[in-house]
Amino acid sequence: MVRLADEEGVEMPVYTAEEGLEQGKRYAFEGVLKRVEGKLSLVEARLTDRGEPVRKVKEQFDYDPQHRPVSLAGRLVSLRAMGKAAFGHLQDLTGKIQVYLKKDLIGEEQFQLFKELVDLGDFLGVRGKLFRTKTGELTVEVEEFQLLSKSLLPLPEKWHGLRDTELRYRQRYLDLIANPRARRNFALRAKLVSELRRFLESAGFIEAETPVLQPVASGANARPFKTYHNFLETELYLRIAPELYLKRLIVGGFPRVYELGKNFRNEGVDRSHNPEFTMVEFYAAYWDYHDLVRFTEELILHLAEKVLGTTRLKYGGRELDLSPPFRKVRYFELLEEKTGKGKEFFLHDLEGLRKLAHELGVKEADRLTHAKLLDKVFEKVAEPELFQPTFVLDFPKLLSPLAKTHREDEELVERFELYLAGYEVANAYTELNDPLEQKERFLQQLKERQAGDEEAMQMDEDFITALAYGMPPTAGEGIGVDRLAMIFAGEDSIREVILFPQLKPKK
RNA sequence: GAGCCGGUAGCUCAGCCGGUAGAGCAACGGCCUUUUAAGCCGUGGGUCGCGGGUUCGACUCCCGCCCGGCUCACCA
């Protein structure tokens, strides 16, 4: 541990962790320390003025900067020091602005202090007047500066930023400092989540928080994480979906509820999957899935306008148009369009379906259950085509254990999925509210499980009991927030919109 | 889990057909009062991801492992 100031006590304890630092890092660390040790007190460091966001200053005064007094704070991200003057850029979340110090103005002593103690990466507060340089850049002519925090470790390279994807994920703060795109993506995501809430709240939905630790992980087809509660002496699961708890709240009399939070699925990790991911689910009593189709169109439109300011965006080199109405196509129509075979074939000719799956290259087609086969075949033939916003309506019942039977067809349910840019972004249905039928559906899932489908849904007896007290007709929907953020940000990896994506621990 | 690509200074990257390690930025010492990746002179910094093998000699070739990326498989 070192002391940065001797006279006034320990101003800034720093653990040097000698063995922990690589050679080059330690060298830079010690270099800065040598210059600063004993001379610098940061214990009183704070802004004397309220600093303003960089963007606000720029928006207000860029047109006519003439000597407006401003006060700003930020991280020093570039520095060009000359003998008797220095230029640099201060960065905050909203942008960068140039600062200019000259000896004449701030005085010999302050200028000396600046040259001696201030490094790239430090947090600085400055007060001064705006002017425009020869080259036309809006700049703060600094009359007074305050060193607010010291950077002892070297920042990523200024020109290329931080490229190493592993470092960008493991040390996201460096990514955020160095790469504008990272800052933009996470600001965009925050805005997206905020607007999502605003839209739901203004439609009368209230936010609920239901258990993450659940005795039965049900409500979706996925494998859960298992954990153990010492005091209760019981195994618990991290939720794979909040669905069954939210519907209990509908039973309890909340007419419109939503939950925005993390779900956990013990599955592979790839470009579009993180083991913990954010989903919003919302449920409205007295609605059906047709109401949700309209509501979803409005929601996406609202988000696009508020977050992006446009409904047209680029994704993967193609233009995606988010203006409603979206295309609507029925599940079996889409399949028939692609394969020439109808509902009858897919639901009642298991061997034929198996053969088709095999021809399409579905792996282990011989071992899959009917439901899985159907799902796989749909993914293979239909999903790749769903780039522009598309509602796929009226799913087969055997894929949808929680959805209400279709009013016109016993073999279907009133369900849709919304696809954007080829990703399944939303899943919604008129909720099954008949406790006896729900029980039957869970039992069917148990059979699937016994037939080898590890992701078949778990029976939740308490949920059936809740339904037995009566749940009004209800429609519910889940939207994958990370995926939506990916699409809005134009990123092809979910890790670009998750601050700290799951990685293997570095040994 | 399989296939392919990658890991060299704190960061971004070179490093040939095997001969013992290089640049720019950052750091350190100087010069420099409108710079824009500022410039100029000088200095220090490397377990070449880890382990083994081949060889007189390995960053380089071979094998195994670790971490990451992409493609595929599973899921949203």
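Worth saying up front: this structure is predicted, and the values here are computed from it rather than measured. A note on names: the letters A, B, ... follow the listed sequences, proteins ahead of strands, and every chain is numbered from 1.
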For this session: Kindly assign one of parallel, tilted or perpendicular to the pair A/Phe264 and A/Phe225, based on the angle between their ring planes and the thresholds 30° and 60°.
Result: perpendicular

Exercise. So, A/Glu30 and A/Lys34, do they make that salt bridge, N to O below 4.0 Å?
Worked result: no

For this session: Measure from NZ on A/Lys150 to C1' on B/A27 and round the result to the nearest Å.
Result: 12 Å

Exercise. How would you label the contact of A/Leu153 with the nucleic acid (heavy atoms, under 4.0 Å): base, sugar-phosphate, or nothing?
Worked result: nothing

Problem set entry | Distance between P atoms of B/G69 and B/U8 (Å, rounded) | 16 Å

For this session: Check every strand shown and say whether A/Lys380 touches a base, only sugar-phosphate, or nothing at a heavy-atom separation below 4.0 Å.
Result: sugar-phosphate

Exercise. So is A/Arg483 actually on top of A/Tyr423's ring, under 6.0 Å and inside 45° of the axis?
Worked result: no

Exercise. If we take the C1' atom in both B/C17 and B/U55, what is their distance in whole Å?
Worked result: 16 Å

Seminar exercise, completed: Re B/C16: Watson-Crick or G-U wobble partner, both distances kept under 3.5 Å, found to be none

Exercise. When we call it a touch if two heavy atoms are under 4.0 Å apart, what does A/Tyr419 touch: a base, just sugar-phosphate, or nothing?
Worked result: nothing

Exercise. Atom OH of A/Tyr429 to atom P of B/A76: distance rounded to whole Å?
Worked result: 11 Å

Exercise. Parallel under 30°, tilted from 30 to 60°, perpendicular over 60°: which one fits the rings of A/Phe463 and A/Phe442?
Worked result: perpendicular

For this session: Could you check A/Leu162 against A/Gly31 and say which one's nearest nucleotide on RNA chain B is further toward the 5' end?
Result: A/Leu162

Problem set entry | N/O (side chain, A/Arg495) to phosphate O (OP1/OP2, B/G69) under 4.0 Å | yes

Seminar exercise, completed: Applying the 3.5 Å cut-off to both distances, the Watson-Crick or G-U partner of B/U35 turns out to be none

For this session: Tell me what A/Thr133 touches on the nucleic acid: a base, only sugar-phosphate, or nothing, going by heavy atoms under 4.0 Å.
Result: base

Exercise. B/G46 phosphate, OP1 or OP2: any side-chain N/O from A/Lys25 under 4.0 angstrom?
Worked result: no

For this session: Indicate, yes or no, whether a donor-acceptor pair under 3.5 Å links the base of B/C74 to the side chain of A/Asp270.
Result: yes

For this session: With P as the reference atom in both, quote the distance from B/U34 to B/U12 in angstrom, rounded to an integer.
Result: 34 Å

Seminar exercise, completed: Taking B/C67, B/U33, B/U12 as options, the one with an atom nearest any side-chain atom of A/Lys84 is B/U33

For this session: Could you give the distance separating B/C16 and B/G10 at their C1' atoms, to the nearest angstrom?
Result: 29 Å

Problem set entry | Sugar-phosphate, base or nothing in reach of A/Asn427, heavy atoms under 4.0 Å | nothing

For this session: Establish, yes or no, whether a centroid distance under 6.0 Å links the rings of A/Tyr289 and A/Tyr429.
Result: no

Exercise. According to a strict under-4.0 Å criterion, is A/Arg170 in side-chain N/O contact with OP1 or OP2 of B/G68?
Worked result: yes

Seminar exercise, completed: Rounded to whole Å, CD of A/Glu379 lies from C1' of B/C72 at a distance of 13 Å

Exercise. Is A/Lys158 touching bases, backbone alone, or none of the nucleic acid, heavy atoms closer than 4.0 Å?
Worked result: sugar-phosphate

Seminar exercise, completed: Ranking B/U33, B/U34, B/C11 by distance to the side chain of A/Leu167, first place goes to B/C11

Problem set entry | Gap between atoms CD and P, on A/Glu22 and B/G7 respectively (whole Å) | 17 Å

For this session: Can you tell me the distance, in whole Å, between the CZ atom of A/Arg265 and the P atom of B/A76?
Result: 6 Å

Exercise. Is the shortest distance from a Lys or Arg side-chain nitrogen in A/Arg415 or A/Glu417 to a carboxylate oxygen in the other one below 4.0 Å?
Worked result: yes

Exercise. Hey, does A/Ala178 reach any base, or is it just sugar-phosphate, or nothing, if we go heavy atoms under 4.0 Å?
Worked result: nothing

Problem set entry | Distance below 4.0 Å between A/Lys376 side-chain N/O and B/C74 OP1 or OP2 | yes

Exercise. Paired with B/G1: which nucleotide, if any, by Watson-Crick or G-U wobble criteria at under 3.5 Å for both distances?
Worked result: B/C72

Exercise. Across the strands shown, which category fits A/Glu137 at heavy-atom distances under 4.0 angstrom: base, sugar-phosphate, nothing?
Worked result: base

For this session: Determine the contact category for A/Asn266: base if any of its heavy atoms lies under 4.0 Å from a base atom, sugar-phosphate if only primed atoms, P, OP1 or OP2 are that close, otherwise nothing.
Result: nothing

Problem set entry | Separation of B/G29 C1' from A/Lys34 NZ (nearest whole Å) | 8 Å

Exercise. Is there a side-chain polar atom (N or O) of A/Arg271 under 4.0 Å from OP1 or OP2 of B/U71?
Worked result: yes

Exercise. What distance, rounded to whole Å, do you find between the two C1' atoms, one in B/G64 and one in B/U54?
Worked result: 15 Å

For this session: Would you classify A/Lys102 as touching base, sugar-phosphate or nothing, given that sugar-phosphate means primed atoms plus P, OP1 and OP2, and contacts are heavy atoms under 4.0 Å?
Result: base

Problem set entry | B/A27 - base-pair partner by Watson-Crick or wobble geometry, distances under 3.5 Å | B/U43

Exercise. Is A/Gly478 touching bases, backbone alone, or none of the nucleic acid, heavy atoms closer than 4.0 Å?
Worked result: nothing

Exercise. Under 3.5 Å, side chain of A/Arg183 to main-chain N/O of A/Leu176, donor-acceptor pair present?
Worked result: yes

For this session: Classify the nucleic acid contact of A/Lys96 as base, sugar-phosphate or nothing, counting any heavy atom under 4.0 Å across all strands shown.
Result: nothing

Exercise. Does a side-chain N or O from A/Lys103 land closer than 4.0 Å to OP1 or OP2 of B/U33, or not?
Worked result: no

Exercise. Looking only at side-chain N and O atoms, does A/Arg80 come under 4.0 Å of OP1 or OP2 in B/A38?
Worked result: yes

For this session: Would you please confirm or rule out a distance under 4.0 Å between OP1 or OP2 of B/G45 and any side-chain N or O of A/Gln23?
Result: no

For this session: For B/A14 and B/G7, measure between their P atoms and round to the nearest Å.
Result: 8 Å

Seminar exercise, completed: Winner on side-chain proximity to A/Glu455, out of B/C70, B/U35, B/C74, is B/C74

For this session: Please report, rounded to the nearest Å, how far the P atom of B/U35 is from the CD atom of A/Glu141.
Result: 15 Å

Exercise. With the threshold set at 4.0 Å, does a side-chain nitrogen-carboxylate oxygen contact exist between A/Glu297 and A/Lys328?
Worked result: yes

Exercise. What does A/Gly24 touch in the nucleic acid at a heavy-atom separation under 4.0 angstrom: a base, only the sugar-phosphate, or nothing?
Worked result: base

Seminar exercise, completed: Contacts of A/Asp119 and A/Lys115 projected onto RNA chain B by closest heavy atom; the upstream (5') one is A/Asp119

Exercise. Using atom C1' of each nucleotide, how far apart are B/C66 and B/G49 to the nearest Å?
Worked result: 7 Å

Exercise. Taking the six-membered ring for Trp, is the centroid-to-centroid distance between A/Phe199 and A/Phe295 below 6.0 Å?
Worked result: yes

Problem set entry | Ring-face cation contact, A/Phe387 with A/Arg318, 6.0 Å cut, 45° max | yes

Problem set entry | Atom C1', compared across B/G18 and B/C59: separation rounded to whole Å | 10 Å

Exercise. Where the side chain of A/Leu503 is defined as all heavy atoms beyond and including C-beta, which of B/A76, B/G68, B/C70 is the nearest nucleotide?
Worked result: B/G68

Exercise. Counting just side-chain N and O atoms, does A/Arg163 come under 4.0 Å of either OP1 or OP2 of B/C13?
Worked result: yes

Exercise. Which part of the nucleic acid, if any, lies within contact of A/Tyr423, taking any heavy atom under 4.0 Å across all strands shown: a base, the sugar-phosphate backbone alone, or nothing?
Worked result: nothing

Exercise. Given atom CZ of A/Phe264 and atom P of B/A76, what is their separation to the nearest angstrom?
Worked result: 17 Å

For this session: Look at the side chain of A/Leu120 and decide which nucleotide, out of B/C67, B/A27, B/A73, has an atom nearest to it.
Result: B/A27

Exercise. Is A/Tyr27 stacked on the base of B/G10, with ring centres under 5.5 Å apart and planes under 30° apart?
Worked result: no

